[in-house]
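Here the structure comes first, spelled out in structure tokens, and everything after it is commentary.
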Amino acid sequence: MADPAVSAALAADADGALRLLREGALTVHGRVADASNAVLYCTATLDGVTAPCVYKPVAGERPLWDFPDGTLAGREVASYEVSAATGWALIPPTVLREGPHGAGMVQLWVEPDPEAPELLDLQDPAGAEPGWLPIIRAEVGEGRTALLVHRDDDRLRRLALLDAVLNNADRKGGHWIAAADGRLYGIDHGVTFAVPGKLRTLLWGWAEQPVPEDALDVLGGLAETLDGALAERLRPHLTEAELQATRGRVAELRRTGRHPLPSPDWPSIPWPPV
């Protein structure tokens, strides 16, 4: 297990981490057994620095009928590029490179902070406690129900907005990591950027609420770079239709000034949720 403080410091130094991931020697140590596609736990070593990382080779991807174009690895890298363009740094440094099993996505491993407060909870179905936002009522066995809630946390709110831009179809409760320096990182972005609306997430607590003004400013800057430098970085990984749909989602968020509502045409909660 990596030291959480060292791991957080590496993730916060995006330029250094990207160089390490691109140029470092990759050593495979094992496979994450419960992943649906090939996910390999590795270390990258460069100039005397060694850091853990995740390597997802394209050769280990299972085809998805509703994501016929591109690769999961490419969409993970595209998601990182969008996150980096916002300045919110919500996805760990991520690159596409050759590895021991061919081309694949390599992402810095962020060790969770064991002392970080929980961001999900089950509470009384009568209503969320102060500081928490409701998601859905859930069956918890023996005919009992509870209210699944997430914290009213600015980091989660930014992640919810990023997911709306990415059209993330799989924001489970296990797909974010609280780092030791207080940052929050989202992981597993292979099913993103579809043209039809596929947003599926646990972060519905802000649905239809106004987007904060500072976040609208960030979306404005994102709209500009999606017509310029960012678009060029995304084109190797996305189709023109996917890129245009991303511009459309940003434009819609800016037009309404509100967090999106769940779609009536698509399951709104991922399964399993955590």
Side-chain angles (χ1 to χ4, degrees), residues 75 78-91 118-121 123 127-138 147-178 183-189 191-226 230 242-271 273-274:
R75 286 190 285 273
S79 296
Y80 170 74
E81 292 288 355
V82 173
S83 168
T86 65
W88 289 336
L90 290 169
I91 297 177
E118 292 295 331
L119 298 173
L120 288 174
D121 196 15
Q123 297 180 358
E129 297 173 7
W132 297 82
L133 298 172
I135 306 167
I136 194 172
R137 283 180 174 80
L147 188 64
L148 181 62
V149 297
H150 64 70
R151 285 192 185 272
D152 187 359
D153 184 298
D154 286 342
R155 301 169 302 167
L156 282 180
R157 187 169 195 157
R158 288 178 172 180
L159 192 59
L161 283 170
L162 179 65
D163 283 342
V165 171
L166 301 179
N167 199 13
N168 189 357
D170 199 28
R171 178 61 70 201
K172 295 182 172 74
H175 288 181
W176 60 66
I177 296 169
R183 295 174 186 247
L184 188 74
Y185 293 99
I187 59 172
D188 288 325
H189 298 94
V191 285
T192 47
F193 295 104
V195 174
K198 291 182 179 288
L199 183 59
R200 188 165 53 185
T201 176
L202 291 185
L203 300 178
W204 289 116
W206 296 282
E208 212 174 17
Q209 287 192 20
V211 174
E213 285 297 325
D214 63 330
L216 286 174
D217 290 341
V218 169
L219 291 173
L222 189 60
E224 290 184 13
T225 194
L226 276 168
L230 178 58
E242 289 167 338
L243 184 55
Q244 189 58 34
T246 304
R247 294 189 185 103
R249 290 189 294 271
V250 173
E252 183 66 7
L253 286 167
R254 297 178 68 204
R255 184 189 69 81
T256 65
R258 293 183 178 275
H259 287 260
L261 287 166
S263 169
D265 304 319
W266 179 254
S268 61
I269 302 293
W271 187 261
V274 179

Would you list the atom pairs, donor with acceptor, under 3.5 Å between side chains in residues 249-258 and any protein atom, with sequence neighbours excluded?
residue, atom, partner, partner atom, Å
Arg249, NE, Val165, O, 2.7
Arg249, NH1, Ala194, O, 3.2
Arg249, NH2, Val165, O, 3.0
Arg249, NH2, Thr246, OG1, 3.0
Glu252, OE1, Arg255, NE, 3.0
Glu252, OE2, Arg255, NH2, 2.7
Thr256, OG1, Glu252, O, 3.1
Thr256, OG1, Arg258, N, 3.2
Thr256, OG1, Arg258, O, 3.4
Arg258, NH1, Glu208, O, 2.8

Looking at [X] and [Y], would you say the former's side chain and the latter's main chain have a donor-acceptor pair under 3.5 Å?
{"X": "Asn167", "Y": "Thr192", "result": "no"}
{"X": "Arg157", "Y": "Asp152", "result": "no"}
{"X": "Ser83", "Y": "Ile91", "result": "yes"}
{"X": "Trp204", "Y": "Ser268", "result": "yes"}
{"X": "His150", "Y": "Ile135", "result": "no"}
{"X": "Arg200", "Y": "Trp266", "result": "no"}
{"X": "Gln123", "Y": "Glu129", "result": "yes"}

Contact check, side chains of [X] and [Y], non-hydrogen atoms, under 4.5 Å:
{"X": "Phe193", "Y": "Leu166", "answer": "yes"}
{"X": "Leu161", "Y": "Trp206", "answer": "no"}
{"X": "Asn168", "Y": "Leu162", "answer": "no"}
{"X": "Arg155", "Y": "Leu119", "answer": "yes"}

Nearest 0.5 Å please: distance from the [atom1] atom of [X] over to the [atom2] atom of [Y].
{"X": "His175", "Y": "Leu203", "atom1": "NE2", "atom2": "CG", "result": "12.0 Å"}
{"X": "Asp217", "Y": "Leu222", "atom1": "CG", "atom2": "CG", "result": "12.5 Å"}
{"X": "Leu184", "Y": "Leu156", "atom1": "CG", "atom2": "CG", "result": "5.5 Å"}
{"X": "Leu148", "Y": "Asp121", "atom1": "CG", "atom2": "CG", "result": "8.5 Å"}
{"X": "Asp153", "Y": "Arg158", "atom1": "CG", "atom2": "CZ", "result": "10.5 Å"}
{"X": "Trp176", "Y": "Leu202", "atom1": "CH2", "atom2": "CG", "result": "5.5 Å"}

(request) Would you sort out whether Val191 and Arg75 count as a side-chain contact (heavy atoms from CB on, under 4.5 Å), showing the intermediate values? (result) CA-CA 7 Å; Val191 285; Arg75 286 190 285 273; 5.5 Å; no
(request) Would you list the pairs meeting salt bridge (Lys or Arg N to Asp or Glu O under 4.0 Å) in which at least one residue belongs to residues 167-178, sequence neighbours left out? (result)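 Those involving residues 167-178 are Asp163-Arg171, Asp170-Lys172.
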(message) Tell me whether the count of non-hydrogen atoms from other residues, nucleotides or ligands lying under 6.0 Å of CG in Asp154 goes above 12.
(response)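 Atom CG in Asp154 is not crowded, with 12 or fewer foreign heavy atoms closer than 6.0 Å.
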(request) Return the minimal non-hydrogen interatomic distance between Leu147 and Ala128, and the atom names on each side. (result)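 Where Leu147 meets Ala128 most closely, the heavy atoms are CD2-N, 3.5 Å.
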(request) Indicate the atoms forming the closest heavy-atom contact of Val149 with Pro134, along with that distance. (result)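 Scanning both residues completely, I find the closest heavy atoms to be CG1-CA, 3.9 Å.
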